[in-house]
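Basis for what follows: all heavy atoms, side chains included, without hydrogens, waters or symmetry-related copies.
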Amino acid sequence: MRATLMDRADGDQIDVILTHPAHQRTLRTLIDLIGALRACRSVEDMYHFQGRLRGMVLETEQHRAAISQQIKRLDRHRNLTADAPELGTGLDRADRASWVLEGDVYERRSPTSRCAGLGLRRSWPAG
């Protein structure tokens, strides 16, 4: 069984992950999503809510792919691309470990988005 990110991370990494702006946004977004779900009163409301969830998951997965691309470039001793995403940590962009940590943050964020979507959709009262 694969160890979870938080099991693999050391104490300093855990602090960076939990205080990372993307992680903090995820927590705020989950609170907002709960309120938005509670406000759904019709099938149309739920349809728009699900679209919002899909968009969030897609955005997170695209960001993870961009991070992965930069890690692969650094592994091949190539420069970062001009459209490389910003690191949310303020760590050295040229350091592979910075990108791996960024990938870890988004690895943690991705299932959170998908699971939140599934859990929130299931909690909507059936008509």
Sequence neighbours excluded, which residues qualify as side-chain hydrogen bond (donor to acceptor under 3.5 Å, both in side chains) partners of His20?
Glu102

Can any side-chain N or O of Thr60 pair as donor or acceptor with the backbone N or O of Met56 at less than 3.5 Å?
yes

Heavy-atom donor-acceptor pair, Ser98 side chain to Leu91 backbone, under 3.5 Å:
no

Taking all atoms of both residues into account, what is the closest heavy-atom pair of Pro21 and Gly88, and its distance?
CD-O, 3.1 Å

Could you work out, with side-chain hydrogen bond (donor to acceptor under 3.5 Å, both in side chains) as the rule, every residue matching Arg93, not counting sequence neighbours?
none

Between OH of Tyr106 and NE2 of His63, what distance do you get to the nearest 0.5 Å?
3.5 Å

Roughly how far, to the nearest 0.5 Å, is the CG atom of Leu33 from the CG atom of Leu37?
8.5 Å

Could you note down all residue pairs passing salt bridge (charged side-chain N to carboxylate O under 4.0 Å, His left out) where residues 28-37 supplies at least one of them, sequence neighbours left out?
Asp32-Arg52

According to side-chain contact (heavy atoms from CB on, under 4.5 Å), who are the partners of Ile71, at least two apart in sequence or on a separate chain?
Ile67, Asp75, Arg96, Trp99, Val100

Quick one: CG on Leu80 to CG on Leu74, what's the gap to the nearest 0.5 Å?
5.0 Å

Give me each pair satisfying side chain to side chain donor-acceptor pair (under 3.5 Å) with a member in residues 77-86, each pair once, sequence neighbours excluded.
Gln70-Thr81, Thr81-Asp83

